[in-house]
Asker: 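Input: one structure, supplied below.
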There are 2 protein chains.
Amino acid sequence: MSTTTQAPQPPGAPKTARGARTRAKILVAAEDTFGSLGYHRAGVTDITRAAGVAQGTFYTYFTSKEEILRELVMDLGHKLRAHLAAQVIGSGDRLEAEEQGLRAFLQYLADHPSLYRVLQEAQFVDEAIYQEYYETFARGYTDMLNAAARKGEIRAGNNQHRAWALMGMSHFLGLKYALWDQRAKQGDGAFDPIVETISDLFHNGLALNGRDRG
Amino acid sequence: MSTTTQAPQPPGAPKTARGARTRAKILVAAEDTFGSLGYHRAGVTDITRAAGVAQGTFYTYFTSKEEILRELVMDLGHKLRAHLAAQVIGSGDRLEAEEQGLRAFLQYLADHPSLYRVLQEAQFVDEAIYQEYYETFARGYTDMLNAAARKGEIRAGNNQHRAWALMGMSHFLGLKYALWDQRAKQGDGAFDPIVETISDLFHNGLALNGRDRG
DNA sequence: ATAAAACCTGAATCAGTTGTCATATTTTAT
DNA sequence: ATAAAATATGACAACTGATTCAGGTTTTAT
């Protein structure tokens with residue numbers, strides 16, 4: 001048999017350049033629409049209108065509104081991780097990478113506010129995908145911290161706990177300063193004071209005297 | 001005129017013991033129902049069924065499904081703050097209070113998982129109330145850190161940034177360890193290792209050598 | 001005891017949604 | 001050039017779920 005085994009395309013995959021274009025348009029429109037209206041307020045109608053196609057076309061490529069959200073979440077996650085990874089290369093050590101990473105994250109959020117909304121709302125539509133998103137992130141983060149600890153760049157400690165704590169810090173700082181506080185999102189060094197505060201925490205802790213205790 | 005000026009009751013306020021009871025039943029039922037089904041999946045029907053009253057009764061006390069969510073958010077916020085405040089009195093200094101507070105928060109979340117879901121979902125129903133919740137929290141937190149800095153209990157630094165960072169840490173640690181990781185939620189010291197990790201961060205930072213830099 | 005106020009009921013209304021389908025158009029392969 | 005496959009259309013079926021309302025029941029005040 002001529003076994004030119006094609007990678008089994010998912011059901012709604014386009015088989016034409018035009019189809020691929022349309023699918024992509026819908027995806028972008030969904031990101032915008034979910035981002036501004038929110039998942040529940042956004043109807044499929046709103047998405048297709050924004051994409052400039054008919055309602056029915058949506059169902060040529062996606063089986064449901066929920067499915068497109070899932071795809072969006074994975075998409076945005078990949079993009080963010082790629083962006084952060086790119087911004088962090090060239091850091092001398094882990095602590096420097098943390099600073100760069102935080103800065104890059106805040107900037108990315110300010111530039112792509114939809115990411116946040118889509119992701120956070122996904123939590124209540126399909127909790128599994130939300131968990132997976134953060135567990136994946138945390139796994140990578142933990143590994144990096146473990147490597148840094150081996151290299152003697154950071155103190156020994158439970159790096160899984162730390163990874164979740166650091167993700168939480170970034171998340172809330174982003175929420176407050178990149179999304180809610182509009183002023184000063186412009187300008188390249190807009191987030192420097194925040195990064196500086198966190199850097200100080202990493203280098204010196206919060207206690208007045210950096211000594212150990214019980 | 002006999003000016004016995006009553007505090008102007010909100011529209012749907014009950015005027016009878018029975019009414020107050022019913023209203024309370026609905027509120028509790030709403031917390032449970034939103035908590036387990038989520039805001040959107042939970043119908044008013046589900047709430048009233050859980051409360052053991054007819055649909056129509058709901059609208060005797062609340063003007064909309066959205067309104068009861070708002071009330072719930074404020075309610076839960078008050079309860080949580082009261083709980084944390086109570087658990088933290090008797091701490092020697094701010095750092096000890098942070099540890100106690102984190103432990104108490106994690107335990108509270110494990111015991112009242114609805115809090116989290118209701119609050120996070122409120123974000124997409126009425127963003128203003130969500131912001132207000134955290135801004136209120138942050139304000140109090142910042143004040144406490146400022147006071148601690150004056151007393152020399154913690155390093156000088158931007159305490160607003162720190163407040164948001166600390167809230168984020170708690171939030172994510174709670175998400176992961178109090179809500180998602182089921183194992184070991186029992187037992188009094190279940191969260192001790194986590195608190196220990198964060199305590200170490202506060203006392204010694206993340207860097208290997210607690211020296212200052214640039 | 002009785003009228004008034006408060007409270008409760010649940011069927012009906014009403015606005016909006018997702019997802020389907022028969023049909024029309026465009027692209028691809030021969 | 002032409003048939004087959006892929007893509008696009010938009011009206012519509014089927015359903016969901018919030019809110020209303022006219023009328024019954026319980027509580028309160030006199």
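All values reported here derive from a predicted model rather than from experimental measurement. Each chain gets a letter, A, B and so on, in the order its sequence line appears, and its residues count up from 1.
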Asker: Measure up the B/His112 and B/Tyr108 rings against each other and bin them: parallel (under 30°), tilted (30 to 60°), perpendicular (over 60°).
Answerer: parallel
Asker: Where do B/Leu72 and B/Val118 come nearest, in terms of heavy atoms and distance?
Answerer: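 Closest approach of B/Leu72 to B/Val118: CB-CG1, 4.2 Å.
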Asker: Taking the six-membered ring for Trp, is the centroid-to-centroid distance between A/Phe172 and B/Phe172 below 6.0 Å?
Answerer: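 Centroid distance A/Phe172-B/Phe172: not below 6.0 Å, so no.
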Asker: With ring centroids as reference points, do A/His40 and B/Tyr39 lie under 6.0 angstrom apart?
Answerer: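 Aromatic pair excluded; centres sit 6.0 Å or further apart.
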Asker: Quick check for you: name the first and last nucleotides of DNA chain C, 5' to 3', having an atom under 4.0 Å from a heavy atom of chain B.
Answerer: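 Range of nucleotides touched by chain B: C/dA6 to C/dG10.
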Asker: With sugar-phosphate meaning primed atoms plus P, OP1 and OP2, does B/Ser64 contact a base, only sugar-phosphate, or nothing at under 4.0 Å between heavy atoms?
Answerer: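 Sugar-phosphate contact only.
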Asker: Could you tell me how far apart B/Glu66 (CD) and D/dT19 (P) are, to the nearest whole angstrom?
Answerer: 9 Å
Asker: Tell me: OH of B/Tyr39 to P of D/dT16, nearest whole Å?
Answerer: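 These atoms are roughly 19 Å apart.
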Asker: Answer whether the closest heavy-atom distance between the side chains of A/Trp164 and A/Tyr134 falls below 4.5 Å.
Answerer: yes
Asker: Fit a plane to each ring of B/Tyr116 and B/His171, take the angle between them on a 0 to 90° scale, and name the class: parallel (under 30°), tilted (30 to 60°) or perpendicular (over 60°).
Answerer: tilted
Asker: A/Arg162 and side chain to side chain contact (heavy atoms under 4.5 Å, CB included): which partner among B/Ile194, B/Asp200, B/Leu201, B/Ile198?
Answerer: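 Only one option passes, and that is B/Asp200.
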Asker: Determine, step by step, whether A/Glu99 and A/Arg94 satisfy the salt bridge (charged side-chain N to carboxylate O under 4.0 Å, His left out) criterion, reporting the C-alpha distance in whole Å, the side-chain angles of both residues, the deciding distance to 0.1 Å, and the verdict.
Answerer: CA-CA 9 Å; A/Glu99 293 170 31; A/Arg94 182 87 287 252; over 6 Å; no
Asker: If each of A/Arg23 and B/Phe58 is mapped to the nucleotide of DNA chain D with the nearest heavy atom, which maps nearer the 5' terminus, i.e. the 5' end?
Answerer: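 Closest to the 5' end, via its nearest nucleotide, is A/Arg23.
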Asker: Rounded to whole Å, please give me the gap between CD1 in B/Ile68 and P in D/dA18.
Answerer: 12 Å
Asker: Are A/His83 and A/Phe105 an aromatic pair by the rule of ring centers under 6.0 Å?
Answerer: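 Ring centres of A/Phe105 and A/His83 not closer than 6.0 Å.
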Asker: Below 4.0 angstrom, N of the basic side chain to O of the carboxylate: do A/Asp46 and A/Arg41 qualify?
Answerer: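 Judged by the 4.0 Å cut-off on N to carboxylate O distance, A/Asp46 and A/Arg41 do not form a salt bridge.
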Asker: Distances under 3.5 Å between protein N/O atoms and the N/O atoms of nucleotides 4-7 of chain D, please, pair by pair.
Answerer:
| from | atom 1 | to | atom 2 | distance (Å) |
| --- | --- | --- | --- | --- |
| D/dA6 | O3' | A/Thr16 | OG1 | 3.4 |
| D/dT7 | OP1 | A/Lys15 | N | 2.6 |
| D/dT7 | OP1 | A/Thr16 | N | 3.1 |

Asker: How many angstroms lie between CD in A/Gln120 and CG in A/Leu115, if you round to the nearest 0.5 Å?
Answerer: 8.5 Å
Asker: Of the residues in residues 40-55 of chain B, which ones touch DNA chain D at a heavy-atom distance under 4.0 Å?
Answerer: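 Going residue by residue through residues 40-55 of chain B, the ones with a heavy atom under 4.0 Å of DNA chain D turn out to be B/Ala42, B/Gly43, B/Val44.
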